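These notes concern the structure reproduced below.
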Protein chains: 2
Amino acid sequence: MREMIARLHSQGGRLTSQRRLIFEVLQEMDSHPTAEEVYAIVNQQAPNLHLSTVYRTLRWLEQEGLVSTRHFQEKRRTERFDSSHPAEHHHFVCTACQRVIEFNSPYIDHIKEEFTLDTGVRVERASIELYGLCADCQAQSKGGL
Amino acid sequence: MREMIARLHSQGGRLTSQRRLIFEVLQEMDSHPTAEEVYAIVNQQAPNLHLSTVYRTLRWLEQEGLVSTRHFQEKRRTERFDSSHPAEHHHFVCTACQRVIEFNSPYIDHIKEEFTLDTGVRVERASIELYGLCADCQAQSKGGL
DNA sequence: TTGTGTGCAAAGGGTTTGCATTAAT
DNA sequence: ATTAATGCAAACCCTTTGCACACAA
C-alpha cells in the first residue's frame, strides 16, 4: 500500500478511492482472482465502481510489478491476478475446489540448468503449474463413495 | 492419422476432406500454432474452409486426446494447439523469435513428489513453461550490438 | 485550476453456436 | 437415404478504448 502510493506520486499519479479499494480487496483475496471476481467484491462497497476501472487498476499494478498474471488450465479462459510477493513462485491448482497453493523448490533451478546445458538457451523465467486434488478434496471424494 | 480415422469410425464420425487437411497441416507444423495460424495455411489449399471448422476439428482432436492446448504468456491471449506425442512434456518459449522447444526432465517428478509429501495433495499433472532466449537469438543480439 | 482517473458505452479479439445446406456413409 | 459436418453469420465472453465528466493534487 505504501509502495503503491509512493509509485503513484513518483509518476504524477493520483490515489483515488477506487484504486485504494481495489488494491485492498485484492490483497485480502488469498486466491488468484479474475478481474470479475475482484469486481464482484469491490462493487458491493462501491456500486458505481465500474469493471473497466478494475481492469485499469490491475493493469497499472501489473505494469508496476506489484501483481503478476497467469492463465491456469480451466474452462473459462480468463486471466488471473496474483498479488502475492513478486519473487518467482509457482502454483498448485486443485481441480475440484479451485484452491491455489503456492510453492517453490530448488529442483526448479536444476531443471533450468539442465535445460540450459542441453540446448544453449538462456532461461530467464519459469512458470510451473501442478494440477490435482488437494487433501480436503481427496478426503471428500473418499467419504462420498 | 490411422488413429484419427479409427476413432471417427468407432463413434459414427465421418472423415471429411477438411478434417484430413487440418490434421495433416497441424502435424507438419512443428511449432504450437494458434487456430488462426492453422487456418491461414489450411485456407490456402481450401479457400472455402472456414475458421469455425478449424476450431471444431481442433476441439474434437482435443477431446479425443490427440492434441492438447496451452496458454503461453504472450500479448495476444490465444490458445495454442500441440499435436505432438500426447505424453506429458513441457515447453521452452523463446521470447524473441517465439520458437518452442519441448523438453522433459526427471527433476519434474522430484518436484511433484516433494510437493506431495509437504502438503498431502495428489498431483495429477504438471505444466512447465520456461521463457528466455534461444541460442540463435542470443547470438543475434550479441552480433547486433 | 490542472490534468489524471473515472463511468459509461461501444468496440475489439478470440472462440462458440444456430441453422440451412452439403456430403460421407 | 440418413444424418454428421460444413459454411456462414451472428452471438458470446473477456478485455480494451474513446470521450465527457469528476475529483485529487
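Everything numeric in this text was worked out from a predicted model, so none of it was measured. Sequence lines set the chain letters: A, B, ... in the order given, protein chains first and strands last, and positions in each chain run from 1.
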Rounded to the Å, how far apart are [X] [atom1] and [N] [atom2]?
X: L8(B); N: dT25(C); atom1: CG; atom2: P; value: 9 Å
X: L51(A); N: dC14(D); atom1: CG; atom2: P; value: 10 Å
X: F81(B); N: dG14(C); atom1: CZ; atom2: C1'; value: 10 Å
X: R80(A); N: dC14(D); atom1: CZ; atom2: P; value: 11 Å
X: R59(B); N: dA5(D); atom1: CZ; atom2: C1'; value: 17 Å
X: L58(B); N: dA5(D); atom1: CG; atom2: C1'; value: 15 Å
X: E79(B); N: dC12(D); atom1: CD; atom2: P; value: 20 Å
X: R19(A); N: dG7(C); atom1: CZ; atom2: C1'; value: 14 Å

Salt bridge (Lys or Arg N to Asp or Glu O under 4.0 Å): which pairs involve [range], sequence neighbours left out?
range: residues 33-61 of chain A; value: E37(A)-R80(A), R59(A)-E62(A), R59(A)-E79(A)
range: residues 97-117 of chain A; value: E88(A)-K112(A), R99(A)-D136(A)
range: residues 43-52 of chain A; value: none

Inset, instruction - Please state whether the phosphate of dT16(D), meaning OP1 or OP2, lies under 4.0 angstrom from any side-chain nitrogen or oxygen of Y55(A). - result: no

Legend entry - For E3(B), salt bridge (charged side-chain N to carboxylate O under 4.0 Å, His left out) partners two or more places apart: R7(B)

Inset, instruction - When you get a sec, tell me which of dT15(D), dT6(D), dT6(C) is the closest nucleotide to the side chain of T57(B)? - result: dT6(D)

ring-ring contact (aromatic ring centres under 6.0 Å, His included) against [X], all qualifying residues, sequence neighbours excluded:
X: Y107(B); value: H110(A), H110(B)
X: H9(A); value: none
X: F72(A); value: H91(A)

Inset, instruction - Rounded to the nearest 0.5 Å, what's the gap from NE2 on H71(B) to OG1 on T78(B)? Could you check? - result: 8.0 Å

I'd like a table of atom pairs between the protein and nucleotides 20-25 of chain D - only N or O on both sides, under 3.5 Å - with the distance next to each one.
residue, atom, partner, partner atom, Å
dA24(D), N3, R14(A), NH1, 3.2
dA25(D), OP1, L15(A), N, 3.4

Got a list of protein N/O to nucleotides 8-12 of chain C N/O distances below 3.5 Å?
residue, atom, partner, partner atom, Å
dC8(C), N4, S52(A), OG, 3.3

Kindly list each side-chain donor-acceptor pair under 3.5 angstrom involving residues 12-23 of chain A, sequence neighbours excluded, with atom names and distances?
residue, atom, partner, partner atom, Å
T16(A), OG1, R19(A), N, 3.1
R19(A), NE, R14(A), O, 3.2
R19(A), NH2, R14(A), O, 3.2

Legend entry - All pairs passing side chain to side chain donor-acceptor pair (under 3.5 Å) where residues 38-49 of chain B contributes a residue, at least two apart: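 Residue pairs with at least one partner in residues 38-49 of chain B: there are none.
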
Legend entry - Check: Q73(A) and R70(B) side chains under 4.5 Å, non-hydrogen atoms: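 Yes, side chains in contact.
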
Legend entry - Five-pair end axes of the helix from dT1(C)-dA25(D) to dT25(C)-dA1(D), angle between them (10°):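 Axis angle across the helix from dT1(C)-dA25(D) to dT25(C)-dA1(D), nearest 10°: 30°.
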
